Amino acid sequence: MATINVQRPERLTLAERLYLPAILNGLRLTWRHIWGERVTLQYPEEERQFKRVYRGVHRLNKDDKGRVKCVACEMCAASCPAHCITIKATEVEWPERDKIPKIFEIDELKCIFCGYCVEACPEDAIHMTRHYHLIARSREDMIFGLDKLLAIYDETKEQEVLRGVDFGMTHARIPGKEAANPDEVQKLAYPVVGVVTKAETQRAQ
Amino acid sequence: MKEGFLVTSVKDVIRWGQKNSLWPMSFGTACCGIEIMALLGPRFDLARFGAEASRFTPRQSDLLIVAGRVSIKMMPVLQRIYEQMPEPKWVISMGACASSGGVFNTYTLVQGVDQFIPVDVYVPGCPPRPEALIDAVMEIQQIIDQGDVTIAQFKAFAKTHNPAPGQPLLQVERGPRG
């Protein structure tokens with residue numbers, strides 16, 4: 001039988017029995033932290049700034065004529081691991097394409113924000129924005145259709161967001177930014193953007 | 001005299017109290033639970049909304065946060081927890097798995113907990129950011145503000161707790177091995 005004999009102290013010392021030194025020690029630590037750096041993000045007033053490649057809610061891009069850029073090839077729906085994209089195509093007689101989506105729905109509640117749809121899109125028609133303030137009181141509210149996804153584009157038109165080229169996709173067309181070799185693609189994709197909060201920016205100023 | 005004339009302000013006071021001291025019961029079964037930990041921590045600090053008293057006992061809480069995937073075998077447990085919570089109570093369905101099953105479209109997984117318990121606010125994301133969950137808590141506060149704390153919730157309670165005869169509360173098809 002292997003027995004371990006533990007030596008226990010006979011009695012607590014007077015200081016230990018009083019508990020007061022330990023309490024004061026704890027209070028000292030609390031006191032020190034009161035004057036230390038404040039880490040709490042005062043969320044509704046203060047927001048965190050993300051890198052450009054943050055994967056938030058999707059948007060459907062528009063072309064230079066203001067029409068939906070999507071050609072309803074269903075590559076995004078095929079690559080989606082959660083099967084949250086539904087596309088119904090309709091035929092059009094435009095010079096540059098034959099079909100556009102009649103219905104384009106993303107079930108944001110099913111979506112896991114992996115970004116595979118952005119990677120798969122050959123037309124660079126779907127992007128992911130940095131917008132993450134999504135809540136709903138019903139499941140139907142979270143099914144985003146064409147109108148909503150295009151409205152998100154109108155809102156975030158100015159922002160630099162996650163694009164197909166961020167995955168090293170050389171075939172994705174980016175107007176005005178043609179990358180010749182993979183290194184250049186990487187440079188286009190990952191400009192140095194730090195993660196700073198608004199408060200930190202203010203403090204720096 | 002109109003009904004409830006004498007206690008109109010009392011209702012407001014009750015609402016104010018409920019709104020600013022939500023006690024969450026976090027049912028964290030997966031990675032969303034980690035985000036709840038971040039939410040309760042100093043960085044996001046749910047205590048600013050009076051909802052930091054996470055007791056992990058349903059009898060003392062009024063906000064159920066379902067975070068993570070719930071299997072069919074786990075669903076009766078969640079339902080029991082929901083029933084053990086005293087009225088009034090609210091439910092947040094957090095993340096893709098709890099809200100709709102997410103990527104896990106399998107026979108073992110509940111495709112959205114709202115098939116079995118009433119959900120007030122859905123938060124998409126995999127997992128959602130703690131900020132999004134703060135948004136959801138603020139939405140719950142709005143729901144409390146708008147809702148009738150007494151009568152409507154009592155009716156809802158009666159509806160969920162008294163199913164029609166022969167209708168079990170939880171309808172799960174079970175295989176031969178349970």
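Naming: A, B, ... by sequence-line order, numbering from 1 per chain. Since the structure is predicted, the reported quantities are computational estimates derived from the model, not experimental observations.
- Counting heavy-atom neighbours within 6.0 Å of A:W94 CH2, excluding the residue itself, gives a total above 12.
- The contact list for residues 140-151 of chain A toward chain B, using heavy atoms and a distance under 4.5 Å, reads A:M142 by residue number.
- Within a 6.0 Å radius of OH in A:Y116, no more than 12 heavy atoms belonging to other residues, nucleotides or ligands are found.
- Of the residues considered (A:C84, A:P44, A:G56, A:C80), A:P44 shows the highest number of contacts with chain B, using heavy-atom pairs under 4.5 Å.
- Contact between A:I112 and B:A96 at its shortest, heavy atoms only, is CG2-CB, 4.2 Å.
- One finds the CD atom of B:Q115 at 6.5 Å from the CZ atom of A:R139 (value rounded to the nearest 0.5 Å).
- Side-chain contact between A:E108 and B:S99 is absent, with no heavy atoms from C-beta onward closer than 4.5 Å.
- Heavy atoms only, all atoms of each residue included: B:A132 and A:Y132 are closest at CB-O, 3.9 Å.
- The environment of A:R28 atom CZ is sparse: at most 12 non-hydrogen atoms of other residues, nucleotides or ligands sit within 6.0 angstrom.
- Heavy-atom minimum distance, B:V123 versus A:L109: C-CD2, 4.2 Å.
- In this structure, A:L41 and B:E131 have side chains that are in contact, with non-hydrogen atoms separated by less than 4.5 Å.
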#### Entry: Trace of the side-chain hydrogen bond (donor to acceptor under 3.5 Å, both in side chains) decision for B:D135 with A:Y43
CA-CA 9 Å; B:D135 277 338; A:Y43 165 61; 3.1 Å; yes
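- Rounding to the nearest 0.5 Å places CZ of B:F44 at 10.0 Å from OG1 of A:T40.
- Between the CZ atom in A:R137 and the CD atom in B:E139 there is a gap of 4.0 Å [rounded to 0.5 Å].
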